[in-house]
Amino acid sequence: MLRNRGKQYLGMLALRDRASAVILATATPLHTAPRDVAAAGRMLNIRHFTALECQQEEREDMKVLRRIRAKRTAADKQADLDRAAAALRGEVVAESNSACELRAAGIRIARRYREYMGNRIIRRSVSLLNYDGKPINDLIPYVTINLYCLPTDKELDTIRQVREEATMKMTSAAALDGS
């Protein structure tokens, strides 16, 4: 989904404006990220999502989500890591309160955005059946696995070296520009 309003986004809008029909297809089974819903609405040229008021509404909604994220403590983040590790072991562990709050806020915003979509979304789900009454697709259950790893000392040295080289190039370019 093109969320950022750069060259590709503007190119898509130009193509959309020349098309006789627009069908937006995505592999996302359930839109819970507000930015994804708003981006889809803009691609489909739904009036609400193309209005300046919507841009302000999006900014305010993102502020709400950032405030919730900012309240999360190191213990909350560690609890999320522990939950991910438990999921890898096949255990089910409840989300932390802050993770639930963040998820709930995002879903509330996305639902409000989806109301503006009207009946423009057709969503396939695991429970859909074909004309014979058989499942339309054999989807395995959705599982999210977060993998966290620490770089080796050699990898850290490489990262530092690349960062230093990039910094030197940017400094040299700025000096040539006179900025």
Would you please name every residue forming a side chain to side chain donor-acceptor pair (under 3.5 Å) with [X], sequence neighbours left out?
X      : value
Arg47  : none
Arg163 : none
Lys154 : none
Arg112 : Glu57, Asp61

> Which residue pairs pass the salt bridge (Lys or Arg N to Asp or Glu O under 4.0 Å) test with at least one member in residues 80-89, sequence neighbours excluded?
Replying inline: Arg72-Asp80, Arg89-Glu91
> Which word best sums up how the rings of His48 and Tyr116 line up, parallel for under 30°, tilted for 30 to 60°, or perpendicular for over 60°?
Replying inline: parallel
Among residues at least two apart in sequence or on other chains, which ones pass side chain to side chain contact (heavy atoms under 4.5 Å, CB included) with [X]?
X      : result
Arg18  : none
Ile159 : none
Glu115 : none
Glu165 : Gln161

>> Once salt bridge (charged side-chain N to carboxylate O under 4.0 Å, His left out) is applied, do any residues pair with Lys71, and if so which ones, sequence neighbours excluded?
In response: Glu101
>> Going by the rule salt bridge (charged side-chain N to carboxylate O under 4.0 Å, His left out), which residues pair with Glu60 if we only count those two or more places apart in sequence or in a different chain?
In response: Lys63
